[in-house]
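When a residue number appears, it is its place in the shown sequence, counting from 1.
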Amino acid sequence: YFTMLVLLLGQTITAVTGLSGSLLAMTGGRQAAFFIALTSTLVQAVLLFVFIPVWGLMGAAVASTFSRLMMQSLFYLRLRIKTGIVAAAF
């Protein structure tokens, strides 16, 4: 139950930040979007390696949610700085 709540938090973050990654790529920030996604993937891999032996399934959910939060936040901030577009649901 709690694992699903942690994953739900990650999906909610994605819904609130909108399509920041896609907008960043479409406005000439393809390279930045690529490196943000790559960095997020590497961070998730390291966190999975560390958290799964300690917390099991909950560790995987926490690692996934943290990397999603990091990626979406960086997409949003980079898009806002580069173009001034506010790509948030609210």
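Note that the CE atom of Met4 and the CE atom of Met58 stand 11.0 Å from one another [nearest 0.5 Å]. Within the model, atoms CG of Leu74 and CG of Leu79 stand 12.5 Å from one another, a figure rounded to the nearest 0.5 Å.
Enclosure of atom CG in Leu19 is not indicated, since only 12 or fewer non-hydrogen atoms of other residues, nucleotides or ligands lie within 6.0 angstrom.
Under the 4.5 Å side-chain criterion, counting only non-hydrogen atoms from C-beta, Leu42 is not in contact with Val46.
Put simply, Val50 and Val62 are part of the same group of oily side chains (I, L, V, M, F, W, Y) that touch within less than 4.5 Å, one to the next. Both Leu24 and Met70 belong to a single network of hydrophobic side chains, linked directly or stepwise wherever heavy atoms of I, L, V, M, F, W or Y lie under 4.5 Å apart. No chain of hydrophobic side-chain contacts below 4.5 Å, direct or via other Ile, Leu, Val, Met, Phe, Trp or Tyr residues, connects Phe75 to Leu38. There is a path of hydrophobic side-chain contacts, each under 4.5 Å, that joins Val6 to Phe2. Cluster membership for Ile13 and Ile36, using ILVMFWY side-chain heavy atoms within less than 4.5 angstrom, is not shared.
Applying the ring-ring contact (aromatic ring centres under 6.0 Å, His included) test to pairs two or more places apart or on separate chains, those with a residue in residues 15-63 are Phe51-Trp55. A side-chain hydrogen bond (donor to acceptor under 3.5 Å, both in side chains) check over residues 56-71, counting only residues at least two apart or in different chains, returns the pairs Thr14-Arg68, Gln44-Ser67.
For Ser73, the side chain to side chain contact (heavy atoms under 4.5 Å, CB included) test picks out Leu69, with sequence neighbours left out.
Nearest heavy-atom pair, Arg78 versus Ala32, reported as atom, atom and distance to 0.1 Å: NE-CB, 3.7 Å. Pairing each heavy atom of Ala33 with each of Gly21, the nearest pair is CB-O, 4.3 Å. The heavy-atom pair separating Thr3 from Ala61 by the smallest distance is CG2-CB, 3.6 Å. The two residues Ala60 and Leu48 come nearest to each other via the heavy atoms CA-CD2, 3.6 Å.
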Take Ile85 and Arg80, measure what side chain to side chain contact (heavy atoms under 4.5 Å, CB included) needs, and give me the verdict at the end. CA-CA 5 Å; Ile85 296 173; Arg80 180 77 189 264; over 6 Å; no
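Looking at Lys82, its side chain does come within 3.5 Å of a backbone N or O of Thr27 through a donor-acceptor pair.
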